[in-house]
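Counting convention: from 1, in listed order, for ligands and their atoms alike. All residue numbers refer to positions in the sequence shown, counting from 1.
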Amino acid sequence: MLKIETNTKIVLVLLCISALSIVLHRVGAFKTYFDLLDARHGFSPVPNSLTQIDAIPNARVDYSDGLLRMDCTVVDLEFYRYCGVSIKLNEDPRQGFDFSQYRNILLDVEYIHPDSDQPLLYRPIQMLFRNYNAHYSTVDNNASLKYNSIQLVPTAELLQKPIPIESFQVSTWWINEYEIPYVDAQPDLTNVSLVEIETSGVTKVGRYQITVKKMVLQGNLFSEYNLIKALLLMWLLATLFMVNRQHQILKIMSNRDPLTKVMNRRGLSQWLGRHFEGGPRPCNVVMYYIDIDDFKKINDSYGHVVGDRLLCEFCSVIETELHKLNINEVAGDYLLARLSGDEFSLVFEGLDDEYIELIANKLLERFTDVILVGGLEIKINASVGISKASSETNSSAVLMGNADAAMYHSKKSGKNQYKVFDKDVFEDIVFRKNIASALRESISCDLFSIVLMPIYSSQGLAIRGGEVLIRCQEPSLRRVGPDVFIPIAEEYGLIRDIDAWVIEATFQKIDTNRELYGSRQLLFCINISALELVNKGFPQHLKRLLCKYKINPHWIELELTETSLIDVDEQSIQLLHEIRDLGVRLSLDDFGTGYTAFNQLLNYPVSCLKIDRSFVASLSDLPSSDSTMVDVILGIAESYELNVIAEGVESQAQLEYLQSRQCEYLQGYFLSKPIDWEAFDALLQRQ
Ligand code: C2E
Ligand code: CA
Ligand code: CA
């Protein structure tokens, strides 16, 4: 079903209301009239509200059948100004009738000449609708009589006179109608209390008969102008409401994680900002950095929908556990935030030391229990890092960095545990920082070199090629070796430079020994980091180097660890295909150590599996009749028609076992340690 956004709904409803009310106004749904001469309406002109003008002694007023008849004899033209009645619209002269609601006065007056029975064309009478506003209208003030009245001269036909509908317009109306200066024009039609009939225009003495047949006020309940004003006001208010609402939503959205509805990184920063504001004064904040272990595995096994719901459940589980611990009583303010994918942060203000580890233990205990997601029972673990604000840790960035480092420590120490930031973690950070700066120095001063670990065909032990391994002259890097410094290079964003350097250095070596290597059709295996899979420029760079050094792509194999392929998305697979399309081969390094279904990995465009050396090492412990992981991998390789290299051959027994199982290629200290290129060339020539 079509889902309409609330703001759109509001706009549609307003549009309908506006259109409908304008149409209704036009068709007269809001028309109103008031019959001034109808006694049924209560106040006008009931007999006792007719005041006969006593200036005309012979005048006779008769009110019957809703008509007002008046006989008056004018005997002296000089003297008499009035021959008529005042009709009080209200008993209280200060409480008049609001004319400003009406648009027209409709009058039908008949006037008989003294000499004839025929109604006259010339009508010297006028109707005056007078306001009785005490501020500027008095009965005996000529000016007020003039300026606070609507004057009508009835003609032969039913007379219609428009009424100025707004007081402020009345001024203009007066100025236009009577050409009086603005200062004198103060009529106000909201309080008309007298209707008078005046005969000041009479030019003949004699007996006159005046009949007011009809006196009706016509109008709309409200004018179209007012309606439009009201609609515009409604639109303005609605717009303000919608803008405000949108603003609120955006504010909430910008601080909240849309999936789990807990705070996001921004919301956390604001919270921390509030607690750390006021400079380097120590505050009592404790931060837990929580990372779900192997969340990718859950996504892969159950799908992203379940993964997403698990993240929401995970938040509820944390909140429930805190609730069970009566956290509001032991800690001040606290907040849970999702930092990214499966990383969360839990911060407390004023948490006692005894609770810091208690909370961590309770949470980890609860995590190992199953979490129910739509009927599925899912088991998860998490690694937690904890840091506490102190006089040294007086900024939110440092607090977070420390909690993150402690979490990293928990992960490295085997996951599913917590670590409070301490000297060890601090030293680890310092160590990794030092390694990172040594790496930067080695990149800029070109302190790296490459060695080769020969790879042999198992039958006949002829050299098939070599695995390129990086070495570094920089003392601290030489001490720790690539096993340690490569992950740090990845962490500090230095790995792309290193991988690119190794590839180019390898190509240069092949280029200078083209004849020796080319004639033997050797294969050079280069390790690349998993991070290259998200480096869109990598295939192009590889292609440029292949062209620059005129390297036959079939001589090159790139090694990616099996675990690096676990996280790949569509784009990374596309990138693997681009590499393969260059003619470069791909192999899965450390095969067997990952946990993902092998058949899934084998969908990727790889042509070789490298059996991890831990499986080769375990061959020595087994009676030869037992089936080994090596056998399993060899079986997989055979059925998927992939090459196999066994790594880490360290003994005659392992060599013989692998040869007996027809494992195609071998490498390991038993055959050769990593050697420099000159030694490798010498080995080749001896062969
Ligand atoms: P890897 O790709 O599994 O490389 C094999 C490692 O095992 C090498 O260690 C090698 O010296 C060692 N090795 C080979 N045969 C044996 C054996 O029989 N017994 C024992 N105990 N060890 C053996 P190395 O050179 O220290 O490299 C360690 C890791 O560093 C490599 O593991 C690889 O992941 C990474 N690495 C090395 N060079 C590079 C490089 O140029 N680029 C990238 N991205 N990573 C590299
Ligand atoms: Ca390797
Ligand atoms: Ca390996």
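- Below 30°, between 30° and 60°, or above 60°: for Phe426 and Phe421 the angle between ring planes is above 60°, a perpendicular geometry.
- Taking any N or O of Gln667, backbone or side chain, none lies under 3.5 Å from an N or O belonging to ligand 1.
- With respect to atom 14 (C) of ligand 1, the closest heavy atom belonging to the protein is Met453 SD, 3.3 Å.
- Both the backbone and the side chain of Ile470 come within 4.0 Å of ligand 1, judged by heavy-atom distances.
- Among protein heavy atoms, the minimum distance from atom 44 (N) of ligand 1 is reached at Asp499 OD1, 3.0 Å.
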Step by step, work out the side-chain hydrogen bond (donor to acceptor under 3.5 Å, both in side chains) result for Asp511 and Gln508.
CA-CA 5 Å; Asp511 189 31; Gln508 277 170 348; over 6 Å; no
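- Note that atom 39 (C) of ligand 1 has protein non-hydrogen atoms nearby, at separations under 4.0 angstrom.
- In this structure, the separation between CD on Glu557 and CG on Asn527 is 10.5 Å, given to the nearest 0.5 Å.
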Show your reasoning for whether side chain to side chain contact (heavy atoms under 4.5 Å, CB included) applies to Glu638 and Gln662.
CA-CA 10 Å; Glu638 193 181 358; Gln662 271 91 45; over 6 Å; no
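- Residue Leu522 holds its CG atom at 7.5 Å from CZ of Arg464, rounded to the nearest 0.5 Å.
- In terms of protein heavy-atom proximity, atom 10 (C) of ligand 1 is closest to Leu469 CD1, 3.8 Å.
- In summary, the atoms of ligand 1 found under 4.0 Å from a heavy atom of Asp589, numbered by their order in the structure, are 1 (P), 2 (O), 3 (O).
- Counting heavy atoms closer than 4.0 Å to ligand 1, residue Asp590 contributes side-chain atoms (C-beta onward) but none from N, CA, C or O.
- Residue-level proximity to ligand 1 for Ile498 is absent, since no heavy atom of it falls below 4.0 angstrom.
- At a 4.0 Å cut-off, at least one heavy atom of Ser529 sits close enough to ligand 1 to count as contact.
- At least one N, O or S atom of Asp589 sits under 3.0 Å from the Ca ion (ligand 3).
- No salt bridge links Glu578 with Lys543; every basic N to acidic carboxylate O contact stays at or beyond 4.0 Å.
- Distances from atom 2 (O) of ligand 1 to the protein include at least one heavy-atom value under 4.0 Å.
- Atoms of ligand 1 lying under 4.0 Å from any heavy atom of Gly668, numbered from 1 in the order shown and given with element: 15 (N), 18 (O).
- By the 4.0 Å N-to-carboxylate-O rule, Arg309 lies too far from Glu313 to be salt-bridged with it.
- Metal site remark for the Ca ion (ligand 2): Glu467 contributes an N, O or S atom at a distance under 3.0 Å.
- Salt bridge annotation for Glu647-Arg613: absent, with no cationic side-chain nitrogen under 4.0 angstrom from a carboxylate oxygen.
- Considering Phe524, Phe538, Tyr549 as possible partners of Ile503, the one that fulfils the side-chain contact (heavy atoms from CB on, under 4.5 Å) test is Phe538.
- Between the Ca ion (ligand 3) and the N, O or S atoms of Asp590, the shortest distance is to OD1.
- Donor-acceptor pairing under 3.5 Å is recorded for the side chains of Ser383 and Asp293.
- Between Lys610 and Glu467 a salt bridge is recorded (basic side-chain N to carboxylate O distance below 4.0 Å).
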Step-by-step side chain to side chain contact (heavy atoms under 4.5 Å, CB included) determination, Arg366 to Ile371
CA-CA 9 Å; Arg366 173 62 190 92; Ile371 292 185; 4.3 Å; yes
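- Restricting Glu559 to its N, O or S atoms, the one at the least distance from the Ca ion (ligand 2) is OE1.
- Close contacts of ligand 1 with Pro674, meaning ligand atoms under 4.0 Å from a residue heavy atom, involve 11 (O).
- At a cut-off of 3.0 Å, Asn527 is counted among the residues with an N, O or S atom near the Ca ion (ligand 2).
- Counting only heavy atoms of the protein, atom 18 (O) of ligand 1 lies nearest to Tyr669 N, 2.9 Å.
- Here Asp612 fails the criterion, with no N, O or S atom under 3.0 Å of the Ca ion (ligand 3).
- In this structure, atom 4 (O) of ligand 1 lies nearest to the protein heavy atom Glu467 OE2, 3.4 Å.
- Nearest to atom 12 (C) of ligand 1 among the protein's heavy atoms is Arg613 NH1, 3.6 Å.
- Residue Lys673 places no heavy atom under 4.0 Å from ligand 1.
- In this comparison of Asp612, Leu560, Asn527, the heavy atom closest to atom 45 (N) of ligand 1 sits on Asn527.
- Judged by a 6.0 Å distance limit and a 45° cone about the ring axis, Lys411 is not positioned over the six-membered ring of Tyr408.
- Here the protein heavy atom with the shortest distance to atom 30 (O) of ligand 1 is Pro482 CB, 3.5 Å.
- Under 4.0 angstrom from ligand 1, the non-hydrogen atoms of Arg471 all belong to its side chain.
- Under the 4.0 angstrom criterion, atom 34 (O) of ligand 1 counts as lacking any protein heavy-atom contact.
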Test side chain to side chain contact (heavy atoms under 4.5 Å, CB included) on Phe348 and Ile356; report intermediate values, then the result.
CA-CA 10 Å; Phe348 293 94; Ile356 294 179; over 6 Å; no
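- With ligand atoms numbered from 1 in the order given, ligand 1 contributes 16 (C), 17 (C), 18 (O) to contacts under 4.0 Å with heavy atoms of Gly648.
- In this structure, a donor-acceptor pair under 3.5 Å is absent between the side chains of Glu570 and Gln574.
- You'll find the ring centres of Phe314 and Phe367 inside the 6.0 Å limit.
- In summary, the side chains of Glu343 and Ser345 do not present any donor paired with an acceptor at a separation below 3.5 Å, with no hydrogens or angles considered.
- Looking only at heavy atoms of the protein, atom 21 (N) of ligand 1 is closest to Glu650 OE2, 3.2 Å.
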